[in-house]
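Just below is one structure, and these are the notes that go with it.
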Amino acid sequence: MKEFNFKYTLISIKAVIDDTNTLSIKQGLKTWKTEILRLKHLYVITHPDTGYEMILTHEDDNGKLKKIRLNSNFGQPGFQELIDELLKLRPDIDIRDKSVKEAHKIMGTINFVRLAPVIVYIIVVGFIAVFFLPSLMHGLDSSEQILSVRDLGIPAVLKAHNVTITGACLYIENYMAVTDSKGNIRNYIPVVPDTFIPTDPIYLVLETNGMTEPELQNLAAGDTFKGVIRNIFWEGLSLDQKAFFKSDLKLNLAEGVLLMQYDADVKEDLNIALIILGIVAVIMLAFVIIVAIRMPK
């Protein structure tokens, strides 16, 4: 049995060729195992300022070509010793004399180095898009629904995000006020029927932004409230907010309690999301073009 150890950044790589001529490689969480006789190609790419990348291909039981990609820092004896041993056992798999483009074509592999800027673009723009996905979905949603507050406990009764709740009261005696770092106040008020008693389940909480106490009292005088149900992905009351209602205010929040934002401007949210997404997309596109131009052919 022969063992080869080397590192890539801080990751330890271990390769073993046992007495049955089976190659086993462990790099971080990835492991590969194949017989030496099944190896088809060996190619090494030098990445400036990064290290080496070795690509091995081998055939599986169905004759399908599989790829192994492992890396090494510069100056790692174990990496070169592994190459020497593999080529000693199988000199016919050496295609290091080919250009990178030719080698990738022969092995049926992808040049991830050249694709790296595009991959970064997709990841960054995708992350921003996912972050703003609720705003995008609310802004593009034109559906509306009128519901009685007494229908809120019925499963699947909610069919839209832009909702008008009728026959409702604000439980102004018990609500939560949250002040952010900029001094803005958000109020979270249970929406209940006029027959409500403190032990009844609460199915809806209304969020208002920047209202004074007199304005809240004036709002509570009505019985119809229009807003946007915030229940897309991670939207809704936070765990801390739910805990406050249950533990501090001793209220019976229903399991699927909904959060409705009063007087929400979803079109403004949509415009902000599109502007930020557009700016990020343009900046990242410029990054991809610059890197692609400077990248060695």
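In what follows, residues are counted from 1 in the order of the sequence shown.
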Return yes when atom NZ of K101 has more than 12 non-hydrogen atoms of other residues, nucleotides or ligands closer than 6.0 Å, and no otherwise.
no

Checking D18 against K33 for the salt bridge (charged side-chain N to carboxylate O under 4.0 Å, His left out) test, could you report, in this order, the C-alpha distance in whole Å, the side-chain angles of both residues, the deciding distance, and whether it holds?
CA-CA 11 Å; D18 65 21; K33 191 172 185 178; 5.7 Å; no

CG (L239) with more than 12 external heavy atoms under 6.0 Å
no

Any salt bridge linking E85 with K2? Criterion: basic side-chain nitrogen under 4.0 Å from a carboxylate oxygen.
yes

Partner of I55 under side-chain contact (heavy atoms from CB on, under 4.5 Å), picked from I45, V44, I68, L42, is I45

Taking atom types as modelled and ignoring hydrogens, do the side chains of Q217 and E213 form a donor-acceptor contact shorter than 3.5 angstrom?
yes

With a 6.0 Å cut-off on the ring centroids, do Y171 and F196 count as close?
yes

Can you list every pair that meets salt bridge (Lys or Arg N to Asp or Glu O under 4.0 Å) and has a residue in residues 226-253, with sequence neighbours left out?
R230-E235, R230-D269

Mark yes when over 12 heavy atoms from residues, nucleotides or ligands other than I197 sit less than 6.0 Å from its CD1; otherwise mark no.
yes

With a 4.5 Å heavy-atom cut-off, do Y188 and V178 have their side chains touching?
yes

Pair K105 + E102: basic N to acidic O under 4.0 Å
no

Verify salt bridge (charged side-chain N to carboxylate O under 4.0 Å, His left out) between E53 and R69, making sure each step is shown before the conclusion.
CA-CA 7 Å; E53 177 185 10; R69 289 177 179 264; 2.6 Å; yes

Under-4.0 Å salt bridge between K40 and D92:
no

For L204 versus V257, what's the shortest heavy-atom pair and its separation?
N-CG2, 4.0 Å

Check for me whether the distance between the ring centres of F74 and Y52 falls short of 6.0 Å.
yes

Under 3.5 Å side-chain donor-acceptor pair for E207 and N209:
no

Contact between H58 and L65 at the side-chain level, heavy atoms closer than 4.5 Å - yes or no?
no

Any pair with a residue in residues 137-159 that passes ring-ring contact (aromatic ring centres under 6.0 Å, His included), sequence neighbours left out, goes on the list, sorted by first then second residue, please.
H138-H161

